[in-house]
Asks: 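Handing you a structure now.
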Amino acid sequence: MRDCRAVFMPPIMVILLSGAFHVAPFAASETIAVDTTAVASVPAKNSPDSPQVGIPLIDTLHTQDSLLAIDSASIEGESEDSLTAFEDSVDSAFQANADTAEKADTITKPFISLYPGVSVVQDSLADVVVRHIWKFEWDDAEKMGRKLQKLERKDHLPSLSSLLLVSACIVRTQNGVFSSERAEKNCLKEIEKNAKYGLERSDPSRSPDSLLATNLLIYGGIKGLLATLQINRNVIVAAIEGLNALSQLEKCVSLDPSVKDVYLGMGIFYCALSKASAFVRGALKLIGRPVSLDKGLDYLHESAYHGRYTAFMAKIYLVQFLSPYRGDQANEKRRIFKSLETSFSDNPYFLFLRLEENLCFHPEKVFDPSIRRTVRKKITAFNDDGDLKSRYAMLVRWQYLLIDPFAAESFRPDTSYNLREFSYYPVFLSALREKYAVPQSEIASPSIRKRRVALIRKIHDRAMKLLDSSAMNVSWSGFYAWHIRDALRMED
């Protein structure tokens, strides 16, 4: 099957530039009533994954079993003494790991090769903040980010905290977390405040040479994040700001290629623009910036498998840009899903993404009794505290109802739950139910097939209108629109 991926603007990080990515919203339409009592499924197929050789990169600082695996509960104190004690404990563990590594001659380069000017304690705290962000634990991410900022002021360190705090708020904004308009405005104010502070602290024109690479990462990263806020307001402004950010990231690469996190923004730029119109790609080529998907994927791989603070985010973008129709890329996506679900087992977001991928492109992988058991266990174990986790947990229940039409009441979705930007999703799943209900080869009568195709297309159009008229960020709406189109494509 040909690769029909839609052009979309990635929702979280650096460069998303062209008006060609904008999807004009349809008028709101009435929601189709979805039957939650009868969802048909297709027969399971035995198609186990072939053994794959991963791309291991041992990072003793960020490994769960490491001496330096940091539990945020261990550094809750606000006093200088508690922070100093924490620094001492990390320094001791660092030395112990270094001594062990020297004796064993093991791979510890990522551990000892911190970015210029970044201390071991700072790096450890930054890792804690990143993990709180992807657990969707916003208050904890904010609290630990402030601790990190306090340490940076005390020891005159690069302002990693500003980049991470801005990224946390951007993730929240792009995912529509807020329960009220006031809460969203407060988050935007936090972005403005943290960005201003971080840009002042990391200004490359005032940076000492010894810290320049790290400051270029921070400065360019914040600039890129701010550009994403302009996408829905003014694409031209977003493009200008995005290109400015890209230039800073490229300077960082030329100065110090070992700063692997910088490749995330560059990867997104090249992947996204490779799907733009011929006119846009031609214009970029004229100004000396030819783009290609393969080059973008190479950059994302650098960030995903070697980055210190952007690895999780880069993996999510690889899932979005890798083709579900190419065997090697589809296999890599499966490994990425497993990695993310292992790292954040109590966050339903990552299971939702995996099930969404398979329902749309690999249905034979989800209609299997073993998958049903796995999903049931995860539904029971999910920590759905917070609006965003709760929403994805409910979406997983909707997915499970398609997988298991006879699901017990405790696993069924609450049909009164407000899915907000995902209000289209039950409608979309109802179209998938119709598509999977009867294998196409068994529809002998042309008239029956014609009616079924017409029904699926009608539901498809309703789902698309609901999605396009929702408040979902245009980046994500483009991504899910591609899934709807490909999953519900049927030949006449």
Side-chain angles (χ1 to χ4, degrees), residues 10 12-15 54-63 66 68 94 101 106-120 122-131 133-134 148 157-164 166-167 198 202 204 207 210-225 245-272 294-322 332 335-336 339-340 343:
I12 303 174
M13 196 69 176
V14 186
I15 316 294
I55 311 177
L57 181 70
I58 301 174
D59 184 341
T60 55
L61 182 62
H62 296 150
T63 302
S66 167
L68 295 186
F94 177 86
T106 55
I107 301 175
T108 55
K109 283 290 184 182
F111 173 65
I112 60 177
S113 299
L114 300 178
Y115 294 161
V118 175
S119 74
V120 177
Q122 182 186 18
D123 180 80
S124 302
L125 280 171
D127 183 66
V128 174
V129 176
V130 169
R131 291 180 181 277
I133 291 173
W134 291 107
L148 177 57
L157 302 169
S159 190
L160 274 178
S161 61
S162 299
L163 178 61
L164 298 181
V166 170
S167 69
S202 63
S207 172
S210 60
L211 304 181
L212 184 55
T214 302
N215 280 330
L216 283 167
L217 166 67
I218 297 168
Y219 192 88
I222 292 175
K223 283 285 189 181
L225 288 167
L246 181 64
S247 67
Q248 302 297 326
L249 299 177
E250 290 176 333
K251 289 177 184 176
C252 179
V253 170
S254 64
L255 185 65
D256 188 348
S258 70
V259 181
K260 299 297 185 180
D261 289 302
V262 77
Y263 289 101
L264 173 65
M266 298 169 64
I268 294 172
F269 176 86
Y270 283 97
C271 286
D294 287 341
K295 187 173 184 178
L297 290 175
D298 287 343
Y299 284 149
L300 287 179
H301 280 118
E302 285 292 317
S303 177
Y305 299 115
H306 304 292
R308 302 195 72 84
Y309 316 114
T310 61
F312 300 127
M313 190 178 291
K315 287 179 180 179
I316 290 174
Y317 284 122
L318 281 172
V319 165
Q320 294 173 342
F321 284 117
L322 290 170
E332 183 181 359
R335 294 195 299 272
I336 290 173
S339 169
L340 292 172
S343 296

Asks: At what distance, to the nearest 0.5 angstrom, does CD1 of I222 lie from OG of S159?
Replies: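 That separation rounds to 6.5 Å.
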Asks: Holding to salt bridge (Lys or Arg N to Asp or Glu O under 4.0 Å), I want the full list of residues that pass it with K315, two or more places apart in sequence or in another chain.
Replies: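 None.
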Asks: So, using side-chain hydrogen bond (donor to acceptor under 3.5 Å, both in side chains) as the criterion, who are the partners of S303 when residues are at least two apart?
Replies: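 For S303 the side-chain hydrogen bond (donor to acceptor under 3.5 Å, both in side chains) partners, ignoring immediate neighbours, are T310.
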Asks: Check whether any side-chain heavy atom of S167 lies under 4.5 Å from a side-chain heavy atom of L225, and answer yes or no.
Replies: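 The answer is yes; the side chains approach within 4.5 Å.
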Asks: If a pair satisfies side-chain hydrogen bond (donor to acceptor under 3.5 Å, both in side chains) and one of its residues is in residues 249-259, list it, with sequence neighbours excluded.
Replies: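 Qualifying pairs: E250-R289, D256-S258.
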Asks: Could you check if a side-chain atom of L297 sits within less than 4.5 angstrom of a side-chain atom of L318, using non-hydrogen atoms only?
Replies: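 Contact flag for L297/L318 side chains = yes.
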Asks: For Q122, give me all partners under side-chain contact (heavy atoms from CB on, under 4.5 Å), at least two apart in sequence or on another chain.
Replies: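 Expected list: V118, S119, L148, L151, E152, L157, P158, L160.
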Asks: Applying ring-ring contact (aromatic ring centres under 6.0 Å, His included), can you list everything that pairs with Y270, at least two apart in sequence or on another chain?
Replies: Y299
Asks: Roughly how far apart are Y305 OH and I336 CD1, rounded to 0.5 Å?
Replies: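 Result: 4.0 Å between the selected atoms.
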Asks: Closest heavy-atom contact between A245 and G224?
Replies: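 Closest approach of A245 to G224: CB-N, 3.5 Å.
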Asks: Would you please name every residue forming a side-chain contact (heavy atoms from CB on, under 4.5 Å) with V130, sequence neighbours left out?
Replies: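 Here the qualifying residues are W134, L164, Y309, F312.
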Asks: About how many Å separate OG1 of T214 and CG of D261, when rounded to the nearest 0.5 Å?
Replies: 10.0 Å
Asks: Minimum heavy-atom separation for A213 to C252, with atom names?
Replies: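 Looking at all heavy atoms of both residues, the closest pair is O-SG, 3.2 Å.
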Asks: Is L212 close to L216 at the side-chain level, that is, under 4.5 Å between some pair of heavy atoms?
Replies: yes
Asks: Would you say N215's side chain and P204's backbone share a donor-acceptor pair under 3.5 angstrom?
Replies: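 A pair under 3.5 Å: no.
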Asks: Is any side-chain heavy atom of P257 less than 4.5 Å from a side-chain heavy atom of Y263?
Replies: yes
Asks: Tell me if a side-chain donor or acceptor on S343 pairs with a main-chain N or O of S339 at a distance below 3.5 Å.
Replies: yes
Asks: So how far is it from R308 CZ to S113 OG, rounded to the nearest 0.5 Å?
Replies: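 The OG atom of S113 is 8.0 Å from CZ of R308, to the nearest 0.5 Å.
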Asks: For residues L300 and L264, determine if any side-chain heavy atom of one lies less than 4.5 Å from a side-chain heavy atom of the other.
Replies: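 Result yes, sub-4.5 Å side-chain heavy-atom pair found.
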